[in-house]
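The structure appears below as structure tokens.
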Amino acid sequence: MPELPEVETVVRGLQTRLVGEVVAEVCVRWPRIIATPAADRFERELCGRQIIQVTRRGKFVVMALEPSKSLLVHLRMTGQLLWAEPITTAGAPEPPDGDVHRHVFIRFASGATLSFRDQRKFGRLYLVDDPQDVLGGLGDEPLAASFTPQVLGALLRPHRRRIKPLLLEQRILAGLGNIYVDEALWEASIHPLRQAHTLSDVEAERLHAAIRLVLQRAIDNRGTTLRDYCDLQGQPGRNQEYLAVRNREGEACYRCGQAIERAVVGGRGTYYCPRCQSV
DNA sequence: ACACCCTCCTGGAGGC
DNA sequence: TGCCTCCAGGAGGGTG
């Protein structure tokens with residue numbers, strides 16, 4: 001599933017291709033993919049606008065448009081943004097069709113096409129005047145300079161909740177998902193069921209470093225591909241080779257050799273080492 | 001405040 | 001081989 005590193009990889013790819021492009025044609029095949037406005041208005045109001053800037057906020061792709069609107073994309077579970085260069089061959093099918101999972105096509109004046117593909121149709125696109133309407137509730141960016149161990153400590157202290165579901169909460173910390181929370185907790189030797197407010201300053205510091213390490217390494221590896229994730233060109237990431245616990249049930253912990261266990265925490269499959277992640 | 005449930009979806013896995 | 005049921009999971013909503 002796309003989390004912060006996967007979205008960051010997609011955004012970096014879009015930055016080099018999309019800025020300056022002008023939308024020529026929009027086609028929505030599955031209207032419910034468009035969160036706002038209604039799909040027909042989305043098609044009309046996106047046309048003619050130019051992409052000024054592409055950034056990331058949490059797991060959202062944020063495209064600033066001129067005249068002033070913002071196009072936001074959330075990939076959720078299986079969403080993909082795919083880029084196709086202009087098709088020069090006369091008579092070639094355009095936009096690329098025959099793929100029932102491609103739900104939105106955006107064709108640019110240059111002839112290039114950006115399409116949104118999503119097997120499970122959980123992903124959402126938003127066309128809004130003010131991106132804060134969608135992004136306003138998001139918590140801290142874990143890779144921002146302002147996110148310090150002290151900030152993390154202050155975020156955790158008020159909560160008696162279990163640490164894992166809390167870290168998945170986007171209004172607390174924006175960008176972590178099921179994979180990287182498990183990886184960060186293993187890296188920091190903290191049990192997923194640990195109550196957030198019981199973390200010591202030293203543990204908060206360890207968790208802070210672990211979150212940053214795990215996310216940065218995944219960005220350097222262009223994301224984790226367990227099943228569906230791919231970049232703009234359809235290429236998988238390499239970070240799956242660096243996972244310590246995810247999908248390693250029964251295999252030896254890289255730190256202590258104990259068998260990795262799987263449990264369900266907050267309804268999510270959770271992988272951890274029962275020996276070196278203390279409750 | 002927090003745990004738990006449901007909904008949205010569909011491919012893949014497991015049971016028989 | 002084939003059919004059927006179950007399941008994962010991000011986020012938002014509701015309930016206890």
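Naming convention: chains lettered A, B, ... in sequence-line order (proteins, then strands); numbering from 1 in each chain.
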Do A:R248 and A:Y254 form a cation-pi contact, if we require the NZ or CZ to be under 6.0 Å from the six-membered ring centre and within 45 degrees of the ring's axis?
yes
Contacts of A:R227 and A:H159 projected onto DNA chain B by closest heavy atom; the upstream (5') one is A:H159
Can you measure [X] atom [atom1] to [N] atom [atom2] for me and round it to whole angstrom units?
X      : N      : atom1 : atom2 : answer
A:R124 : C:dG13 : CZ    : P     : 12 Å
A:R120 : C:dG9  : CZ    : P     : 9 Å
A:L75  : C:dA11 : CG    : P     : 11 Å
A:L176 : C:dG10 : CG    : P     : 11 Å
A:I172 : C:dG10 : CD1   : P     : 17 Å
A:D228 : C:dA8  : CG    : P     : 16 Å
A:D118 : C:dA11 : CG    : P     : 13 Å
A:E169 : C:dG10 : CD    : C1'   : 11 Å

Suppose we call two aromatic rings close when their centres sit under 6.0 Å apart. Are A:H74 and A:Y126 close by that rule?
no
How close do A:L81 and A:L232 get, heavy atom to heavy atom, and via which atoms?
O-CD2, 3.4 Å
Taking every non-hydrogen atom, the tightest pair across A:L72 and A:P131:
CD1-O, 4.1 Å
Classify [X] by what it touches in the nucleic acid, base, sugar-phosphate, or nothing, heavy-atom distance under 4.0 Å.
X      : value
A:R161 : sugar-phosphate
A:G267 : nothing
A:M77  : base

For [X] and [N], is the shortest distance between a side-chain N/O and OP1 or OP2 below 4.0 Å?
X      : N      : answer
A:H74  : C:dA11 : yes
A:R246 : C:dA8  : no
A:R268 : C:dG10 : yes
A:Q170 : C:dA11 : yes

Taking atom CZ as the centre, does A:R255 end up with more than 12 heavy-atom neighbours from other residues, nucleotides or ligands that are less than 6.0 angstrom away?
yes
Contact span of DNA chain B against chain A, any nucleotide atom under 4.0 Å from a heavy atom, 5' to 3', runs B:dC2 to B:dG12
Salt bridge check: are A:E3 and A:K59 linked by an N-O gap of less than 4.0 Å?
no
Between A:D99 and A:R102, does any side-chain N to carboxylate O distance fall below 4.0 Å?
yes
According to a cutoff of under 5.5 Å between the ring centres and under 30° between the ring planes, does A:F122 stack with the base of C:dG9?
no
